[in-house]
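Data block below; observations after.
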Amino acid sequence: MLKEYDIIVVGAGHAGCEAAAAAANMGSSVLLVTMNMQTIAQMSCNPAMGGIAKGQIVREIDALGGYSGIVSDKSAIQFRMLNRSKGPAMWSPRTQNDRMLFALEWRKMLEETPNVDFWQDMVSGILIKHGKACGVITSMGLEIKSKAVILTNGTFLNGVIHIGEKQFGGGRTGEKAATGITEQLVKLGFESGRMKTGTPPRIDGRSLDYSKMEEQTGDEQPEKFSFLDSVPRLTKQKSCYITYTNEAVHEILKTGFEKSPMFSGRIQGLGPRYCPSIEDKITRFAERERHQIFVEPEGWNTIEIYVNGFSTSLPEHVQYNALTKIPGFENVKMFRPGYAIEYDYFPPTQLKHTLETKLIENLFFAGQINGTTGYEEAACQGLMAGINAHQKINNLKEIILDRSQAYIGVLIDDLITKGTEEPYRMFTSRAEYRTLLRQDNADIRLTPLGYEIGLASKERFDRVEEKVKNVHKIIAFFKNESILPEDINTHLTELGTVPLNQKVKMYSVLSRPQINIYDIINFASNARFIKDEFDKETIEQAEILMKYEGYIEREKEHVQKLKRLESIPLKPDIDYSTIKSLSAEAVQKLNKIKPRNIGQASRISGVSPADISILTIYLGR
């Protein structure tokens, strides 16, 4: 009944959608199998995309030709650039989204992708022949053949939902869990584990008193994720609000601790360290009298509210009673309680950097199955799995982003070399080259690669070339043209910086910390044309490159030094137990992970600098 496909993608969450779109846009025939066609690209947790480090990932996905940025922009109800007060390496875009519109836009984009077909069913097993994945078996008993399979099962693999002392199977509230895959993979020799995540209650926005909360508006001049000009910016925005828990809230929550599945030990899996439940926060940060709560609207045309910061699996009545003690929530009406969900994952050290499994050829894992948490982390893995599955079945080169090239490269390298025992979340601090990996230059870093592999459009590539050319024009102008004291001295005095004695190059004035590029453009008569001739994004890019030139050059030098380590290959068949003097832990970890090069080996936890020296001697370096 169903034809043979190039690639079957199992699961239509953020990872599955990106995987299907990428592979299909590169030319593969793709079948996207989901248990429910109505929940494609569901925002299971908060209705938002981006944020610190995650916003950089969304821009990288967009730069390569993925869809998350476009869908986020089309469904945004608010845009904020976080960390504007810090250096540009820390600036992180974030959208608040209309949950229903987000899923609708994703489905529309997939349906408009000619090479994508859909099938609603549960996948209960993978077809494997001669150590290669060659299709899937569904709960209806169908065998669907393919050349490669990408698993993006999210929280559905043997998912169990916990609310107080109640527990029931499910991958999300109201949706059944997926069974069969874990058991098959474990029989084949894969190692599996359990993780947990949680979600807060959803409430009725009409029952809240916003006058008791702090309003959090969007940016006055909202930007967007997608680098494409054809994707519109927001013209109107919805506000979020901030309120806080207090001692009364904490005392009520504590009454439910003995019935909490987390404290009673019914949940075995580790939860996300950086997005803990409210009961976790009260226990871990006992000295804090209050915790911040973000009141986030779910969309343009709904009264539903997401209570960010109040993730919980306590009994429903405890959740409700505690909510009524939060300022502004005195008359709260609850739509549904928060819950915790426990699910299977596979430690990602069992993967290659392409996200293909080491045990079974042409089988790829992406998203929460690899131990990550967050839409953005899942989406970028889906994108890379889709790209590499297409490349693999067509005998084309594998696409691996390195740590100096993208946050996506950092994330995948961290997973494969270090593994994770708790849900992995991306932070700017995880990237050693964050001055190079800014959100503003993701297109310059990655669009040429996306275009080369047939994913990013010519429109994108031409736009990047134009941007690079214009940035160089502005920098050349600032390095060659001077500014007169009479043009800017009054303004310099107002800003608290030393006036000029004589005309000086604009570039040297811009290097002052108090000065931004618009101070010069607005006051130097010979520079005013820049505002008319170039867009804000290009001007900002030129400013960053000039102001942070020293830092950027130093980081590039550091990259070159480390690239020498990355260029020393390690063969996959080395038996490290035969290398004398390596520590026992290093032997164990190296034999398990099989690093591709010395650079990767040096990042494996438990492999010391002394072990790296021994390896380089062994290789005759």
Side-chain angles (χ1 to χ4, degrees), residues 5-26 28-45 49 57-58 61 64-68 70-72 102-113 115-124 126 133 135-136 138 144 146 148-157 159 171-172 175-178 181 343-346 348 351 355-357 362-390 408 412 455:
Y5 287 86
D6 290 328
I7 296 166
I8 294 174
V9 178
V10 181
H14 298 258
C17 288
E18 285 289 3
N25 284 325
M26 291 170 77
S28 285
S29 60
V30 176
L31 181 67
L32 182 58
V33 186
T34 172
M35 283 163 44
N36 186 349
M37 288 287 291
Q38 307 313 311
T39 55
I40 288 174
Q42 177 88 294
M43 294 182 120
S44 316
C45 207
M49 284 294 279
I57 288 175
V58 178
I61 292 169
L64 282 163
Y67 284 170
S68 288
I70 296 170
V71 172
S72 300
F102 183 92
L104 181 70
E105 288 291 347
W106 244 121
R107 179 160 172 172
K108 203 159 54 172
M109 290 191 81
L110 287 168
E111 288 181 355
E112 288 167 3
T113 305
N115 286 337
V116 176
D117 288 351
F118 302 87
W119 185 251
Q120 180 170 296
D121 202 347
M122 185 182 89
V123 169
S124 54
I126 299 143
V136 299
T138 77
I144 313 169
S146 66
V149 175
I150 303 173
L151 294 185
T152 71
N153 306 74
T155 58
F156 283 79
L157 287 180
R172 262 194 302 251
E175 294 178 66
K176 64 179 184 178
I181 291 176
Y343 55 94
D344 292 337
Y345 86 106
F346 291 84
L351 302 176
L355 299 181
E356 183 184 22
T357 67
N362 295 354
L363 176 64
F364 294 77
F365 291 175
Q368 282 173 293
I369 191 170
N370 291 336
T372 59
T373 179
Y375 308 145
E376 305 81 2
E377 289 88 343
C380 73
Q381 290 174 69
L383 179 81
M384 297 312 294
I387 288 170
N388 279 309
H390 171 85
I408 299 172
I412 293 173
L455 187 55

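All values below were derived from every heavy atom in this structure, side-chain atoms included, with hydrogens, water molecules and symmetry-related copies excluded.
To the nearest 0.5 Å, the span separating CD1 on Ile70 from CD on Glu105 amounts to 10.5 Å. Between atom CG of residue Asn153 and atom CD1 of residue Ile181 there is a gap of 4.5 Å, rounded to the nearest 0.5 Å. To the nearest 0.5 angstrom, Leu32 atom CG is 8.0 Å from Met37 atom CE. Between Leu363 atom CG and Glu356 atom CD the span is 8.0 Å, to the nearest 0.5 Å. Atom CZ of Phe365 and atom CD of Gln381 lie 12.0 Å apart (nearest 0.5 Å). In this structure, the separation between CG on Leu383 and CD1 on Ile61 is 6.0 Å, given to the nearest 0.5 Å.
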side-chain contact (heavy atoms from CB on, under 4.5 Å) assessment of Ser28 paired with Tyr5: CA-CA 8 Å; Ser28 285; Tyr5 287 86; over 6 Å; no
message: Phe346 vs Thr357, test: side-chain contact (heavy atoms from CB on, under 4.5 Å). Steps then yes/no.
response: CA-CA 10 Å; Phe346 291 84; Thr357 67; over 6 Å; no
message: Test side-chain contact (heavy atoms from CB on, under 4.5 Å) on Ile8 and Val123; report intermediate values, then the result.
response: CA-CA 11 Å; Ile8 294 174; Val123 169; 5.7 Å; no
message: Run Glu18 and Ser68 through side chain to side chain donor-acceptor pair (under 3.5 Å) and show every step you take.
response: CA-CA 8 Å; Glu18 285 289 3; Ser68 288; 2.6 Å; yes
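Counting only heavy atoms from C-beta outward, the side chains of Gln120 and Asn36 approach each other to under 4.5 Å. Two residues are said to be in side-chain contact when any heavy atoms from C-beta on lie closer than 4.5 Å; Phe364 and Ile7 fail this criterion. For the pair Ile40/Phe118, a side-chain contact is recorded, criterion being any heavy-atom separation below 4.5 Å from C-beta on. Counting heavy atoms from C-beta outward, Ile387 and Met26 have side chains that approach closer than 4.5 Å. Contact annotation: the side chain of Asp121 never approaches that of Ile144 to less than 4.5 Å [non-hydrogen atoms, C-beta and beyond]. Contact check for Asn388 versus Leu355: no side-chain heavy atoms found under the 4.5 Å cut-off. The closest side-chain heavy-atom distance from Leu151 to Ile126 is below 4.5 Å.
Between Lys108 and Glu112, none of the side-chain N atoms (NZ, or NE/NH1/NH2) sits under 4.0 Å from a carboxylate O, so this pair counts as no salt bridge.
Of all heavy-atom pairs between Met122 and Ala177, the closest is SD-O, 3.9 Å. Between Met35 and Lys176, the shortest heavy-atom distance links the atoms CE-O, 3.0 Å. Here the closest heavy-atom approach between residue Gln368 and residue Tyr345 is recorded as O-CB, 3.7 Å. When all heavy atoms of Ala23 and Gly386 are compared, the pair lying nearest together is CB-O, 3.7 Å. Between Ala24 and Val30, the shortest heavy-atom distance links the atoms N-CG2, 3.7 Å.
In this structure, Tyr67 and Trp106 have tilted ring planes: the angle between them lies in the 30° to 60° band.
A donor-acceptor pair under 3.5 Å is formed between the side chain of Thr152 and the backbone N or O of Gly11. Distance alone, capped at 3.5 Å, places no donor-acceptor pair between the Asn362 side chain and the Ala148 backbone. The backbone N or O of Ala385 sits nowhere less than 3.5 Å from a side-chain atom of His390 that would complete a donor-acceptor pair. The main-chain N or O of Asn115 is never found under 3.5 Å from a side-chain atom of Thr113 such that the two would form a donor-acceptor pair.
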